[in-house]
Amino acid sequence: MATQRKEVLVDSVYSVIALLCILVACAELCGASAVVDVYRLIQYDLAGVPFGSRLASLNHHAGSSFFAPGADLSRTVVMLPVRELNVTFIREYIGQRKPLGGLLFLLPRMFSSEYKDSAGGGDDKPGKELLRNILVELERLLIHANIRYPVYFAFEDDKIDAVLADVKRNDATGQPATATTGGYKLVVTAPEPRKLAPPTITNIQGWLPGLKADGDSNQLPTIAIVASYDTFGAAPAISVGSDSNGSGVVALVEIARLFSLLYTNPKTRGRYNLLFGLTSGGPYNYNGTHKWLRSFDQRLRESIDYAICLNSIGSVDNELWLHVSKPPENAYIKQIFEGFHNVAEEVDLKVGLKHKKINISNPRVAWEHEQFSRLRVTAATLSELPLAPELLESTGGLFDNRHFVSEAAIFRSIKLVAESLARHIYGQQGKNINIFADDSNLGVNPAYVQSWLDLLSRTPRVAPFLSKNDPLIMAMKKELEDHTVEVNVQHEVLDGMFTFYDLTSAKLYIYQVASVTFDLLLLLVLGSYLIILFSFLVVTTRGLDDLISLFRRPPSRKVKTA
């Protein structure tokens, strides 16, 4: 009977201890202050040289500044709002390779594709431009750096703003978050990033055949309209490239729609073939364009009268540049430029001419039209950029979203290209004729343009993360099939200079954790409580003598034997 009562007592004590442990564990597990979507800095190798962030997992306390005196930041994730960023200091810090647990850049909500505001305009334009310039400089720094710790981006919201405010208050007291002081802990659970297989790039081609005269056996001349559709940015998961080169893709599909209305009627079909090309690999030296052109037979290549490449034409400044490789005195170049210049004045645009010679010994091409020029095909790139961007820059990064693109500018650019091409095709150069009048059936369709711009502005298009059957690729193919004939899709492998790694996005768990001092105090209180509870139960059920006997040393075996 005594043995049974003792077992009941011990079971009761164990039950109380287990219950308390479960309660403490539940309190800890429920302590997550926020769960946030975060986007990882790109990781890639260029000719074997590593760039970007080389790690993905996080499990460190949060801080808000690099300036804590004497602080060891090797186990701290620094949260930095972009609107408060000193890019010069960040460049120096990264360049000095100082230890850091991680970086979390907080992007203003206006840079999110889900942010609802008047696109292409809005209040506080100087403030938006300042933020945009900061992001341009930051992105240029990050994509060309080799960073040994995790770097993530997140969009500001109420939850993360509240966490940042608390972290700043703690840092202001001179006691940054550590294991001994408590604070917030940022956790991203992710495996080691893995190399991706060599990415496939996809080119899509559509064709509108011209009308031959009776008995005409000569091949008709061809005009090519081309736009590269993929992007590259510091965070691949949010690199949507609304302007670069979403605006070029939107313009191409609308121009294809407009000319399909003319070419379906034999009476209005021109005596030029029209070739439409949506190319991939643009950020990577226009690798897709190069392979697309190499797939042409000689007759098709020789039939191309000229090619117009569309790149970043959604600028609010109403100024575009025609970039060429041949001298401005060249008869073909002069004819193309004059045609664009005359129409530009009618649609409230300015068009300038920029000449840049090709260095044959250098495989790097600055503009898409240079891939045509290397094959002795006359070509030009229409862009708002006055100068050629550097490799992997101005190709649809963090700052390039829907809210920084002017729909009105895209409408004017479409009208400029379509009208210039039509006057050339129908021999109406220099005449004040409006083929694509706004109030006619051949006018630019704003709803159609807006729908495509919306789609591209919420779809990241970094080539290594696009499959052959990606929904966007299928949508663009179907669109060309609706407006052109002989639509072909070409799959090629991106040239091997680039190696990319996976893990582009993750979930960030933010926990508010207590200090070690608090944990020790809690342990002391719980331990004292359990000892008192245990003693009380023993005394009330067995008596004081039994309690004392629990702490007596049992007699040795020799004494028992004697």
Side-chain angles (χ1 to χ4, degrees), residues 36-42 51-53 58 60-69 71 73 76-113 115 122 124-172 176-177 184 186 188 232-240 390 392-394 396-401 403-404 508 510:
V36 180
D37 291 320
V38 290
Y39 310 96
R40 181 170 171 256
L41 174 64
I42 193 167
F51 292 98
S53 174
L58 273 179
H60 298 306
H61 285 85
S64 63
S65 173
F66 294 99
F67 302 107
L73 299 180
T76 299
V77 181
V78 180
M79 304 172 66
L80 295 174
V82 168
R83 61 179 77 251
E84 303 172 8
L85 204 60
N86 184 334
V87 179
T88 302
F89 179 80
I90 298 295
R91 180 181 292 107
E92 293 175 355
Y93 194 94
I94 292 176
Q96 293 170 2
R97 294 186 172 273
K98 293 183 178 180
L100 189 64
L103 272 175
L104 177 62
F105 292 104
L106 303 180
L107 303 172
R109 301 182 195 187
M110 72 178 71
F111 291 97
S112 169
S113 60
Y115 178 68
D124 193 23
K125 181 179 178 180
K128 286 185 176 182
E129 285 301 315
L130 177 61
L131 285 172
R132 185 180 186 275
N133 293 337
I134 291 174
L135 269 180
V136 170
E137 191 175 356
L138 175 65
E139 189 160 35
R140 185 180 294 122
L141 164 65
L142 294 178
I143 64 174
H144 296 305
N146 178 7
I147 303 176
R148 300 178 180 179
Y149 40 81
V151 180
Y152 283 96
F153 300 88
F155 292 106
E156 294 174 346
D157 61 19
D158 294 338
K159 295 182 294 185
I160 207 163
D161 289 347
V163 170
L164 179 61
D166 282 349
V167 172
K168 284 184 174 181
R169 279 193 294 270
N170 293 338
D171 289 352
Y184 286 92
L186 307 185
V188 173
F232 180 92
I238 50 177
S239 296
V240 296
E390 296 296 326
L392 302 179
E393 296 181 7
S394 298
L398 297 171
F399 57 89
D400 188 354
N401 71 5
H403 309 289
F404 289 85
L508 172 68
I510 305 176

Open item on the list: Can you confirm whether Tyr39 sits close enough to Leu107 that some side-chain heavy atom of one is under 4.5 Å from a side-chain heavy atom of the other?
Closed with: no
- [ ] Just jot down the salt bridge (charged side-chain N to carboxylate O under 4.0 Å, His left out) partners of Glu137, sequence neighbours excluded, or say none.
- [x] Arg91
Task: Point-to-point distance, once rounded to the nearest 0.5 Å, from CG of Asn86 to CG of Leu138 - done: 11.5 Å
Output a table of donor-acceptor pairs, distance under 3.5 Å, between side-chain atoms of residues 157-164 and any protein atom two or more places apart or on a different chain; print 'none' if there are none.
residue, atom, partner, partner atom, Å
Asp157, OD1, Lys159, N, 3.2
Asp157, OD1, Ile160, N, 2.8
Asp158, OD1, Arg109, NH2, 3.0
Lys159, NZ, Val35, O, 3.3

Task: Residues in side chain to side chain donor-acceptor pair (under 3.5 Å) contact with Asp37, at least two apart in sequence or another chain - done: Lys507
- [ ] Could you check if a side-chain atom of Ile238 sits within less than 4.5 angstrom of a side-chain atom of Asn401, using non-hydrogen atoms only?
- [x] no
Task: Closest non-hydrogen atom pair between Pro108 and Val82, with its separation - done: CD-CB, 4.1 Å
Task: Which residues share a side chain to side chain donor-acceptor pair (under 3.5 Å) with Arg83, sequence neighbours left out - done: Glu156
Open item on the list: Among residues at least two apart in sequence or on other chains, which ones pass ring-ring contact (aromatic ring centres under 6.0 Å, His included) with Phe399?
Closed with: none
TODO: Please name all residues satisfying side chain to side chain donor-acceptor pair (under 3.5 Å) with Ser64, sequence neighbours left out, ordered by chain then number.
DONE: Asp171
TODO: Return each pair, listed once, that meets ring pair (Phe, Tyr, Trp, His ring centres under 6.0 Å) where at least one residue sits in residues 93-112; pairs must be two or more places apart or across chains.
DONE: Phe66-Tyr93, Phe105-Phe153, Phe111-Phe404
Task: Which residues share a salt bridge (charged side-chain N to carboxylate O under 4.0 Å, His left out) with Lys98, sequence neighbours left out - done: none
Task: Residue pair Ile90 / Leu80, side-chain heavy-atom distance below 4.5 Å - done: yes
Task: CD1-NE2 distance between Ile94 and His144, expressed to the nearest 0.5 angstrom - done: 13.0 Å
Task: OG on Ser112 to CG on Leu398, rounded to 0.5 Å - done: 12.0 Å
TODO: Taking all non-hydrogen atoms of both residues into account, name the closest pair between Val38 and Ala154 and its distance.
DONE: CG1-CB, 3.9 Å
TODO: Return the minimal non-hydrogen interatomic distance between Ala234 and Ser239, and the atom names on each side.
DONE: N-OG, 4.4 Å
- [ ] Name all residues meeting the ring-ring contact (aromatic ring centres under 6.0 Å, His included) criterion together with Tyr149; count only those two or more places apart in sequence or in a different chain, and write none if there are none.
- [x] none
Open item on the list: Using only atom types and a distance under 3.5 Å, with no angle test, would you say the side chain of Arg40 pairs donor to acceptor with the backbone of Ser53?
Closed with: yes
Task: Non-hydrogen atoms of Ala62 and Thr76 that approach each other most closely - done: C-CG2, 4.2 Å
Task: Test ring-ring contact (aromatic ring centres under 6.0 Å, His included) applied to Tyr152 - qualifying residues, sequence neighbours left out - done: none
Task: Distance-minimising heavy-atom pair for Leu100 and Leu103 - done: CD2-CG, 3.6 Å
- [ ] Would you please name every residue forming a salt bridge (charged side-chain N to carboxylate O under 4.0 Å, His left out) with Arg140, sequence neighbours left out?
- [x] Glu393
Open item on the list: Quick check for you: to the nearest 0.5 Å, what is the distance between Ile510 atom CD1 and Tyr184 atom OH?
Closed with: 8.5 Å
Open item on the list: Quick one, Leu58 and Leu104 - any side-chain contact, counting heavy atoms below 4.5 Å?
Closed with: no
- [ ] State the NE2-CG distance between His61 and Asn170, to the nearest 0.5 angstrom.
- [x] 10.5 Å
Task: Nearest non-hydrogen partners of Gly101 and Pro150, listed with the distance - done: O-CD, 3.5 Å
